[in-house]
Amino acid sequence: MCLMRKLIIAAIISSFVLIGAWYLFHQSSLVEMYNERWGILLPQNMQLQYNLSSDHGITGDGDRYSVFMSSENDVFVVGLQNDYGKEMQSEFMATIKELKESDDFRVDEQYYPAFDNYNFMKIEKNNDMLMIIYSKNGSMLYILEELI
């Protein structure tokens with residue numbers, strides 16, 4: 001009985017270790033994927049808060065929305081624009097709403113960006129698009145990616 005208890009405890013601990021390793025790898029691999037695919041440099045030590053991805057087909061098309069918390073105090077925002085106009089905010093939210101209607105891509109509203117004191121970047125390659133919103137209040141990074 002004592003041996004069985006030890007095996008169960010070892011299995012539980014191993015499960016936690018594996019889940020933790022997967023979480024760290026998945027978070028890191030998302031950041032690396034954005035960096036490589038779009039030629040940007042995001043910090044590696046960001047904490048993933050939320051990720052929603054549509055079904056990427058064999059051609060690699062699909063949509064992704066990721067929210068990270070950064071601890072690097074605005075170091076990476078060098079390439080981001082500092083414009084507080086409503087145009088980027090409107091485009092970002094319109095894109096989320098379009099995806100919701102066409103792909104059943106439902107972003108939880110609590111993970112919408114706070115559009116106060118933010119920087120942004122938009123990259124378009126071929127027909128693909130990446131939008132980044134960095135909210136200085138709370139050091140949150142919102143990434144919306146459309147691959148067509």
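Side-chain atoms are counted along with the backbone in the values below, which use heavy atoms only and exclude waters and symmetry mates.
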Check: What distance separates Met131 CE from Ile96 CD1, expressed to the nearest 0.5 Å?
Finding: 7.5 Å

Checklist line | OH on Tyr65 to OG on Ser53, rounded to 0.5 Å | finding: 14.0 Å

Notebook entry, point to check: Under the side-chain contact (heavy atoms from CB on, under 4.5 Å) test, which residues partner Asn127, sequence neighbours left out?
Noted result: Ile148

Notebook entry, point to check: Residues in salt bridge (Lys or Arg N to Asp or Glu O under 4.0 Å) with Glu109, at least two apart?
Noted result: none

Margin query: Using 0.5 Å steps for rounding, measure from the OG atom of Ser29 to the CG atom of Asn35.
Written below: 11.5 Å

Checklist line | Leu42 vs Phe68 side-chain heavy atoms within contact, under 4.5 Å | finding: no

Notebook entry, point to check: Nearest 0.5 Å, what's the CG-CD distance between Leu141 and Gln47?
Noted result: 13.0 Å

Margin query: Restricting to side-chain contact (heavy atoms from CB on, under 4.5 Å), what partner residues turn up for Asn126, sequence neighbours left out?
Written below: none

Next item on the list: Provide the closest heavy-atom pair for Tyr142 versus Ser135 in the form atom of the first, atom of the second, distance.
Entry: CE1-CB, 4.1 Å

Check: Are Tyr34 and Ser66 close enough, and set up right, to give a side-chain hydrogen bond (donor to acceptor under 3.5 Å, both in side chains), and what steps lead you there?
Finding: CA-CA 10 Å; Tyr34 286 125; Ser66 303; 2.8 Å; yes

Checklist line | Side chain to side chain, Ile143 and Arg64, heavy atoms closer than 4.5 Å | finding: no

Next item on the list: Measure the acute angle between the ring planes of Phe115 and Tyr118, then classify it against the limits of 30° and 60° as parallel, tilted or perpendicular.
Entry: perpendicular

Checklist line | Candidate pair Ile40 and Met121, rule side chain to side chain contact (heavy atoms under 4.5 Å, CB included), full reasoning | finding: CA-CA 10 Å; Ile40 57 178; Met121 174 186 287; 4.1 Å; yes

Margin query: Suppose we screen for ring pair (Phe, Tyr, Trp, His ring centres under 6.0 Å). Which residues come up paired with Phe92, at least two apart in sequence or across chains?
Written below: none

Next item on the list: Considering non-hydrogen atoms only, spot the tightest contact between Ile133 and Pro113 and give its length.
Entry: CG2-CB, 4.1 Å

Margin query: Using 30° and 60° as the class boundaries, would you call the ring planes of Tyr111 and Tyr50 parallel, tilted or perpendicular?
Written below: parallel

Item checked: Asp128 vs Arg37 side-chain heavy atoms within contact, under 4.5 Å -> no

Next item on the list: Drop me the distance from Thr95's OG1 to Glu146's CD, to the nearest 0.5 angstrom.
Entry: 5.5 Å

Checklist line | Lys125, NZ atom: more than 12 neighbouring heavy atoms under 6.0 Å | finding: yes

Checklist line | Rounded distance [0.5 Å steps], CD1 in Ile132 versus CG in Asn119 | finding: 11.0 Å

Check: Among all residues two or more places apart in sequence or in another chain, which pass the side-chain hydrogen bond (donor to acceptor under 3.5 Å, both in side chains) test with Lys122?
Finding: Glu91

Next item on the list: Using the test ring pair (Phe, Tyr, Trp, His ring centres under 6.0 Å), find all partners of Tyr112 that sit at least two apart in sequence or belong to another chain.
Entry: none

